[in-house]
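One structure is given below, encoded as structure tokens.
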Amino acid sequence: YVLETTVYPREHERVRELRLITQQHPLYLLLGRPHPQTCRSIMGSSPDQMQFFSVLLKMTGAEKAVEVGVFTGYSLLCTALALPAHGKVVGIDVNREYYELGRPVIEKAGVAHKVDFRQGDGLAVLDDLIAEAEAGEEKLFDFAYADADKLQYSGYHERLVRLGGVIAYDNTLWGGSVAMPRDTPGSSDYDRVVRDYMVRFNAAVAADDSVQACLLPIADGVTLCRRLK
């Protein structure tokens, strides 16, 4: 209902094109398709989630953004379209091959000049970006979206966004498993590892007085943090 009523009618044609490309990718079909019991999508951000981020970016007046975890660049395209003409979004991913599938669509959308793709480990690249910003006396990011390397979320939390900036963490409900017993039937070893980590991470964010935070039950759980200090 949400998709058919609010999302798809307003979806940019290039966003729709890249969404369909992403959903047909073999890796998405293997890992990204929502699990029948959890409705969790690992390899692709949900369209309603991206619409929400687009509104959030415009409401906050964000000009400089960063995304850790790019895949085909679907969320990257949504962010680039939401930023002003002079805005910039840095996309970080260990795999450039997947991003290259979406790059032609980003170019057709006319926002390639806003996108700076960096290949490498999220934490290492973020440290490089922070050093670059400090050397050039530039401000840090207004908006950050963390969707890769779930077990490094705490490291991202220490590095991302300026004072007053917003961080969005994806998959923080991990299929609802954070509210279930650890040994719930059907859970894989990896699911249990990530579930345990998310339980600790969510608790740490809730207790962190340096951010204003909320956990939204959208998609697979999105935690928003506004940096206070």
Side-chain angles (χ1 to χ4, degrees), residues 6-7 10-12 14-15 18-19 44-93 99 102-103 105-107 109-118 122-123 125-148 153 155-172 205 208 210-216 218-219 221-229:
T6 307
V7 180
R10 292 176 173 267
E11 189 175 43
H12 191 285
R14 297 282 80 86
V15 170
L18 188 48
R19 174 172 60 81
S45 301
S46 67
D48 51 334
Q49 179 183 354
M50 290 300 97
Q51 185 183 65
F52 170 65
F53 284 178
S54 295
V55 173
L56 183 63
L57 284 161
K58 291 183 179 295
M59 287 177 61
T60 59
E63 299 178 344
K64 190 174 180 181
V66 61
E67 297 192 11
V68 186
V70 170
F71 195 34
T72 63
Y74 169 66
S75 61
L76 204 60
L77 171 59
C78 295
T79 297
L81 286 167
L83 294 174
H86 61 279
K88 294 290 182 182
V89 55
V90 178
I92 306 170
D93 204 294
Y99 165 70
R103 187 168 60 84
V105 183
I106 293 174
E107 293 175 349
V111 293
H113 64 286
K114 299 182 186 180
V115 177
D116 177 7
F117 179 83
R118 305 285 184 101
L123 294 180
V125 176
L126 282 173
D127 285 339
D128 290 341
L129 290 170
I130 292 171
E132 290 176 15
E134 292 176 347
E137 297 184 350
E138 299 177 6
K139 69 175 182 179
L140 292 176
F141 302 104
D142 304 309
F143 177 81
Y145 177 38
D147 189 27
Y153 274 14
Y156 300 153
H157 195 67
E158 298 170 357
R159 292 165 169 81
L160 291 170
V161 309
R162 61 169 175 79
L163 187 67
V166 175
I167 312 169
Y169 296 100
D170 202 14
N171 302 111
T172 49
V205 168
D208 184 1
S210 72
V211 297
Q212 181 181 17
C214 66
L215 202 170
L216 303 173
I218 183 174
V222 175
T223 295
L224 288 181
C225 296
R226 178 174 172 265
R227 179 69 64 189
L228 301 177
K229 58 184 179 180

Compare every heavy atom of [Y] with every heavy atom of [X], then report the nearest pair and how far apart it is.
X      : Y      : result
Ala80  : Lys114 : O-NZ, 2.8 Å
Ala109 : Leu77  : CB-CD1, 3.7 Å
His157 : Asp208 : NE2-OD2, 2.8 Å
Pro47  : Tyr74  : CA-OH, 3.3 Å
Ala213 : Val205 : CB-CG1, 3.6 Å
Val68  : Gly122 : CG1-CA, 4.0 Å

Student check: side-chain heavy atoms of [X] and [Y] closer than 4.5 Å:
X      : Y      : value
Ile92  : Leu129 : yes
Ser75  : Phe53  : no
Val111 : Arg14  : no
Val222 : Asp170 : yes
Thr223 : Tyr153 : no
Arg227 : Arg162 : no
Phe117 : Val70  : yes

Within the distance-only criterion (no hydrogens, no angle test), does the side chain of [X] pair as donor or acceptor with the backbone N or O of [Y] below 3.5 angstrom?
X      : Y      : result
Lys88  : His113 : yes
Asp142 : Ala65  : no
Gln51  : Thr6   : yes

[X] [atom1] to [Y] [atom2] distance, which is reported to the nearest 0.5 Å:
X      : Y      : atom1 : atom2 : answer
Met59  : Phe52  : CE    : CZ    : 8.5 Å
Thr72  : Tyr99  : OG1   : OH    : 10.5 Å
His12  : Leu18  : NE2   : CG    : 11.5 Å
Arg19  : Cys78  : CZ    : SG    : 9.5 Å
Cys225 : Leu160 : SG    : CG    : 10.0 Å

Identified side chain to side chain contact (heavy atoms under 4.5 Å, CB included) partner of Val66 from the options Asp116, Leu126, Val89:
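Only match with Val66 under side chain to side chain contact (heavy atoms under 4.5 Å, CB included): Leu126.
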